[in-house]
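Read the structure below first, then the notes.
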Protein chains: 2
Amino acid sequence: MAIGTLGHALLGLLAQRECTGYELTRTFDESLAHVWPTKHSQIYPELAKLQAAGLIRQSGSGARGSKTYAATAEGLEEVRRWMRDTIPSESVRTERMLRVFFLWLLPPNEASTYLREIGGRHRERLARYEAIAAIIPSDDPEDRMGRIAIEAGIRYESAMADWASWAVEEIAKSAS
Amino acid sequence: MAIGTLGHALLGLLAQRECTGYELTRTFDESLAHVWPTKHSQIYPELAKLQAAGLIRQSGSGARGSKTYAATAEGLEEVRRWMRDTIPSESVRTERMLRVFFLWLLPPNEASTYLREIGGRHRERLARYEAIAAIIPSDDPEDRMGRIAIEAGIRYESAMADWASWAVEEIAKSAS
DNA sequence: TTATTACATGTAAACAATTACATGTCAAGT
DNA sequence: ACTTGACATGTAATTGTTTACATGTAATAA
């Protein structure tokens, strides 16, 4: 019963503060899904697995049948070991970028439309990330790592938005 | 027997030129794996599926039992339809970036080590992509889209390498 | 001639992720 | 009283992905 990436991510969130499965699901949807998409249908069974492995424990229960989980000492140990001693997979999977390799299949105007659309999505996310970054107090040491994580998002979205604009122009250039 | 993203990617490659399963595997390993990792054990059954669906046909056979496949008219139609009429999944999955959210679990010096290491990997790939971009003749319209795809890689790796360096300094700042 | 490496294709088992199904609670507004 | 929406947790079936198993060919170098 080995713990995978999702299990370690849940452990990492529960190391910060105790949460219900629902709260974990929302945290994934709101921020972690940008780097590791997951559904509640995967989270709940994974929590059961982590509990069975003694890495988390149910620390309480609230309204509407909600259950609060907290990381155990073993769980904290395990997530630290994962961060320290294991090599992250290099693999990145993104259908949006995959399709760029096949843009030559479309007439130039449709390729441009595709690029403008993905540029727009990158700009949207960039705006959202910048708004989040703006409200993180930069002097609080607790939030410093959070600021570093969001900065990665900002730079990524910004670079990809610029790239998309550049690519549209590049296509326009050769069409003339 | 619906065709998924991998099937469309194979169709896209075969739309460009006929290939053996082995060649397709190598193309994935060398360039497409950066956006859509796949193993030969998934490629061969997928080719069989595409052939059964009439989207590709075996166009020849060579040494060592190799089989060459080519896209059929229906296959070309299908991959164009996919590019034009379907919305790409927004999902991106990257364990490297996921771990950034849990960097606070490590002492600052270990977090810095992690960031330096991933910065190094980004710089490595950046150098490789730049070398590839340098040998693409920029005036050949055939390669224009290839140049656009590699530019995305260059900007991505460059942005992430810069981010990693910035993050290391950010941690150093607060440690003092 | 023999060992190694790259070429070449497959299948099976295990694991991970998505989609669909299924149920029920509680609060707020109408 | 009723409806809607957010809260809350699960399971089942399907699909996608990885790892391990399995086999054989051709070229090159020692």
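Letters go in sequence order (proteins before strands), and every chain restarts at 1. Computed from a prediction, not measured in an experiment: that's the story for all the values here.
Counting Ile, Leu, Val, Met, Phe, Trp and Tyr side chains that sit under 4.5 Å apart, directly or through other members, A:I87 stands alone, with no cluster partners. Its side chain within the 4.5 Å cluster rule, A:I136 clusters with A:L126, A:Y129, A:I132, A:I150, A:I154 among the Ile, Leu, Val, Met, Phe, Trp and Tyr residues. Counting side-chain heavy-atom gaps under 4.5 Å among Ile, Leu, Val, Met, Phe, Trp and Tyr, A:I135 is found in no cluster with other residues.
The closest side-chain heavy-atom distance from B:S165 to B:R123 is below 4.5 Å.
Nearest heavy atoms, A:A9 versus B:L98: CB-CD2, 4.0 Å. The two atoms that bring A:M145 and B:A111 nearest to each other are CE-CB, 3.7 Å, heavy atoms only. Here the shortest heavy-atom pairing between A:E23 and A:E18 reads OE1-O, 4.3 Å. Across every non-hydrogen atom of B:G119 and B:A161, the tightest pair is O-CB, 4.2 Å. Contact record, A:P88 with B:R96: CG-CG, 4.2 Å, taken as the closest heavy-atom pair.
For residues 39-51 of chain A, no residue pair satisfies the side-chain hydrogen bond (donor to acceptor under 3.5 Å, both in side chains) rule, not counting sequence neighbours. Identified under the side-chain hydrogen bond (donor to acceptor under 3.5 Å, both in side chains) test for residues 63-76 of chain B, with sequence neighbours left out: B:T72-B:E74.
For the 3.5 Å distance criterion, the side chains of B:S89 and A:E95 fail to qualify, holding no donor opposite an acceptor. No donor-acceptor contact under 3.5 angstrom links the side chains of A:S31 and A:R26, judged on distance only. At a cut-off of 3.5 Å, with distance as the only test, no side-chain donor of B:R125 or B:S158 sits close to an acceptor on the other residue.
Proximity of residues 41-60 of chain A to DNA chain C (heavy atom under 4.0 angstrom from any strand atom) is restricted to A:S41, A:Q42. Near DNA chain C, meaning a heavy atom under 4.0 Å away, the residues from residues 19-28 of chain B are B:T20, B:G21, B:Y22, B:R26. Contacts between residues 3-12 of chain B and DNA chain D, counted as heavy-atom distances below 4.0 Å, involve no residue at all.
A salt bridge links A:R147 and A:E151; the closest N-O separation between the charged side-chain nitrogens and carboxylate oxygens is under 4.0 Å. Checked for salt-bridge contact, A:R121 and B:E90 meet the test: a charged N lies under 4.0 Å from a carboxylate O.
Taking A:W82 as the reference, A:H8 meet the ring-ring contact (aromatic ring centres under 6.0 Å, His included) condition, with sequence neighbours excluded.
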Could I get a table of every N or O pair under 3.5 Å where one atom is in the protein and the other is in nucleotides 23-28 of chain C?
from   : atom 1 : to    : atom 2 : distance (Å)
C:dC26 : O4'    : A:R64 : NE     : 3.2

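The outermost nucleotides of DNA chain D lying under 4.0 Å from heavy atoms of chain B, listed 5' to 3', are D:dG16 to D:dA27.
Each of B:R93 and B:S66 lies near DNA chain C, and the nucleotide nearest B:S66 is the one positioned closer to the 5' end.
Each end of the helix from C:dT1-D:dA30 to C:dT30-D:dA1 gets its own rotation axis from five pairs of C1' atoms, and the angle between them is 20° to the nearest 10 degrees.
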